[in-house]
Student: 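Supplied in structure tokens, the structure appears directly below.
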Amino acid sequence: MTQQKVRTRFAPSPTGYMHIGNLRTALYAYLFAKANGGDFILRIEDTDRTRYVADAVDFIERTLKLAGITPDEGPGYGGDCGPYVQSERMDLYKKYAEELVKTGHAYYCFCDPKEDHTTGEFGGYDRTCRNLSQDVIDEHLKNGDPYVIRQKMPLDGETSYQDVLHGTVTIPNSELEDQVLLKRDGMPTYNFANVIDDHLMGITHIMRGAEFITSTPKYILLYQSFGWDVPVFIHLAPVMGKNEDGSVSKLSKRHGATSFDDLVKMGYLPEAIVNYVALLGWNPKTTNQEIFSMQELTSHFSLEGLSKSPAVFDYQKLGWVSGEYFKAMEPAKFAEMAKPFAGDLPDYLAAHWDSLAELLRTRIERLGQIPQEIGFLCEQPAFDAELYVNKRNKVTPEKAKDLLPAVIELLEAVPESEWTNDSLYAKLEAHIEATGVKKGLMMWVVRIAAAGQKVTPGGATEILTLLGKENSLARLKKSLDALNAM
RNA sequence: GGCGCCAUCGUCAAGCGGUUAAGACACCGCCCUUUCACGGCGGGUUCAUGGGUUCGAAUCCCAUUGGCGUCACCA
């Protein structure tokens, strides 16, 4: 028996929004295909005309690209199983639905969805049209009456299938509704188009959300009706969000950003998001490594590492992962990437952007933190004597008052051309030695007087350098005045 | 409600009948330090409950409880 080539797919509906859970599904499907030398197919499921969002296909492709997931086949990627957009395959579904009617696995239903059989036990439908005589059916068809085609479910017994994660799943057939295959508008339902396309596109492994566990027997029955091979099913546990009261529920808007796009806008690194999401419901088993490139993800991926229980999305850990990426990044690359997040910078900061960015690089987790990180450099925060209190370095406002005048005098003598970090550090160090004051104490006082904020990216001299001579001195004097006025 | 899925630290998780129950994030100490960060060291009543099976159970079985999902001419 020849080994069949693995083919997986990602089949989003074009909503213009890539939920983290969907991204993860796409990622796993992609990784599994690549780990096994297979193909990953992108298919657009746009059978609901009322939900169609313009440009959504474009959006999906851009998102996948940003995430580093490259389809082997799909709209815009080519492939032998196209078209890869379901609305362009309509005639196909109709043909297959009619075939099922002929073989007795489906039937025409002329009921009005709003009026008829609304009290039936199956989603408002009671299987009435199963019993229509051929004459009645022909009459309706001849009149051009609207109809749907429904799947004829077995009335008793049960249907089972194998799920890689969940083992044998069995559902009583009595739970299965005579689901609609072909809608009034001629479009197939998701449940039908899925089976047809997965078969026609040679999909071998279906990865999708756990919400499909219960409806999969309907698919199985469909495959059997056609006499087709049943693919391997892998139902992924949902991604959860933590609620205020500590409970969890499926990740949604109220938990914060839930789309890949939102996260990118917040300044998390796309690679880091993908890395973190990969770990949310999967683990490499053979290593404790947590930072993975797409390449490494591919080589480590295996189905055994997939978790069958839901995972809670943790923004904190995502932040850590993203921070790790920034720490490992080329300074120049980071500076360039971070620039748009800094907003309008005063000239003196814009001139020092590279060194400012370098201070930021190792201390932030997302680019969106930058404005608040550097706010104090743009405008001196209001005076607060409390800032001059630090136990470890024995700093007090009084000491600051004593130390500052000499520092100001010293700095005033520094020529503009020597206003650099190294030079300032050397001068302050010499001053510290001359006065016999502890370095931590002196530096704390200078830093606070210049920054006006307890926590700052960078130390005293780095801040002085960033601020420039004129600016620094003005701030130092202002702080000293405030201290004297106490 | 019927049906189904799930259940190890706060979170992600390893574990597949015998372990001092890994590791990471977060948290708390301490060290280092020109602040913060980084880095280093250390800390914490984690196997939902109750029954089995077994010499032995976090691991297997059953029940309970809880969470989640699903019951559309949406995907």
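Numbers restart at 1 for each chain; the letters A, B, ... are given by sequence-line order, proteins then strands.
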Student: Nearest-nucleotide wise, let me know which of A:Arg24 and A:Ala460 is further upstream toward the 5' end of RNA chain B.
Tutor: A:Arg24

Student: What verdict does the ring-ring contact (aromatic ring centres under 6.0 Å, His included) test give for A:Phe292 and A:His300, after you've listed the backbone C-alpha separation in whole Å, the side-chain angles of each residue and the deciding distance to 0.1 Å?
Tutor: CA-CA 9 Å; A:Phe292 292 96; A:His300 284 274; 5.3 Å; yes

Student: Decide yes or no for A:Arg9 and A:Leu42: does some side-chain heavy atom of the first lie under 4.5 Å from some side-chain heavy atom of the second?
Tutor: no

Student: Under 4.0 Å between any heavy atoms, over every strand shown, what does A:Val148 touch: base, sugar-phosphate, or nothing? Just pick one.
Tutor: base

Student: Show your working on side chain to side chain donor-acceptor pair (under 3.5 Å) between A:Tyr219 and A:Asn191 and close with a plain yes or no.
Tutor: CA-CA 7 Å; A:Tyr219 294 65; A:Asn191 293 293; 2.9 Å; yes

Student: Have a look at A:Val321 and say if it touches a base, only the backbone sugar-phosphate, or nothing, with a 4.0 Å heavy-atom cut-off.
Tutor: nothing

Student: Restricting both atoms to N or O, compile the protein contacts to nucleotides 1-4 of chain B shorter than 3.5 Å, with distance only.
Tutor:
unit_1: B:rG2; atom_1: O2'; unit_2: A:Glu175; atom_2: OE2; d: 3.1
unit_1: B:rG2; atom_1: N2; unit_2: A:Glu175; atom_2: OE1; d: 3.4
unit_1: B:rC3; atom_1: O4'; unit_2: A:Glu175; atom_2: OE2; d: 3.4

Student: Shorter than 3.5 Å, N or O on both sides, protein versus nucleotides 37-44 of chain B: list them out with atom names.
Tutor:
unit_1: B:rA37; atom_1: O2'; unit_2: A:Thr362; atom_2: O; d: 3.0

Student: Would you say B:rA14 has OP1 or OP2 under 4.0 Å from some side-chain N or O of A:Asn283?
Tutor: yes

Student: Rounded off to whole Å, could you give me the CG-to-P distance for the A:Leu279 and B:rA14 pair?
Tutor: 11 Å

Student: Write down the distance between NZ (A:Lys317) and P (B:rC25), rounded to a whole number of angstrom.
Tutor: 6 Å

Student: Just do the side-chain contact (heavy atoms from CB on, under 4.5 Å) check on A:Leu165 and A:Leu236 with the steps written out, would you?
Tutor: CA-CA 8 Å; A:Leu165 259 29; A:Leu236 271 8; 4.1 Å; yes

Student: Should B:rG56 form a Watson-Crick or G-U wobble pair with both distances under 3.5 Å, which nucleotide is its partner?
Tutor: none

Student: Name the pairing partner of B:rC27, where a pair is Watson-Crick or G-U wobble with both distances under 3.5 Å, or state none.
Tutor: B:rG43

Student: Do the side chains of A:Glu330 and A:Arg361 get close enough for a salt bridge, i.e. N-O under 4.0 angstrom?
Tutor: no

Student: Whole Å only: how far is the CD1 atom of A:Ile291 from the P atom of B:rC12?
Tutor: 18 Å

Student: Does the B:rU35 base have a donor-acceptor partner in the side chain of A:Arg392 within less than 3.5 Å?
Tutor: no

Student: Looking only at atom types and distance, does a side-chain atom of A:Lys308 sit under 3.5 Å from a main-chain N or O of A:Ala237, one as donor and one as acceptor?
Tutor: no

Student: Identify whether any heavy atom of A:Thr47 sits under 4.0 Å from a base atom; if not, whether one sits that close to sugar-phosphate; answer base, sugar-phosphate or nothing.
Tutor: sugar-phosphate

Student: Start at the 5' end of RNA chain B and walk down; is the nucleotide closest to A:Asn194 or to A:Met240 reached first?
Tutor: A:Met240

Student: Relative to A:Tyr223, does A:Lys218 satisfy both conditions: NZ or CZ under 6.0 angstrom from the six-membered ring centre, and within 45 degrees of the ring's axis?
Tutor: no

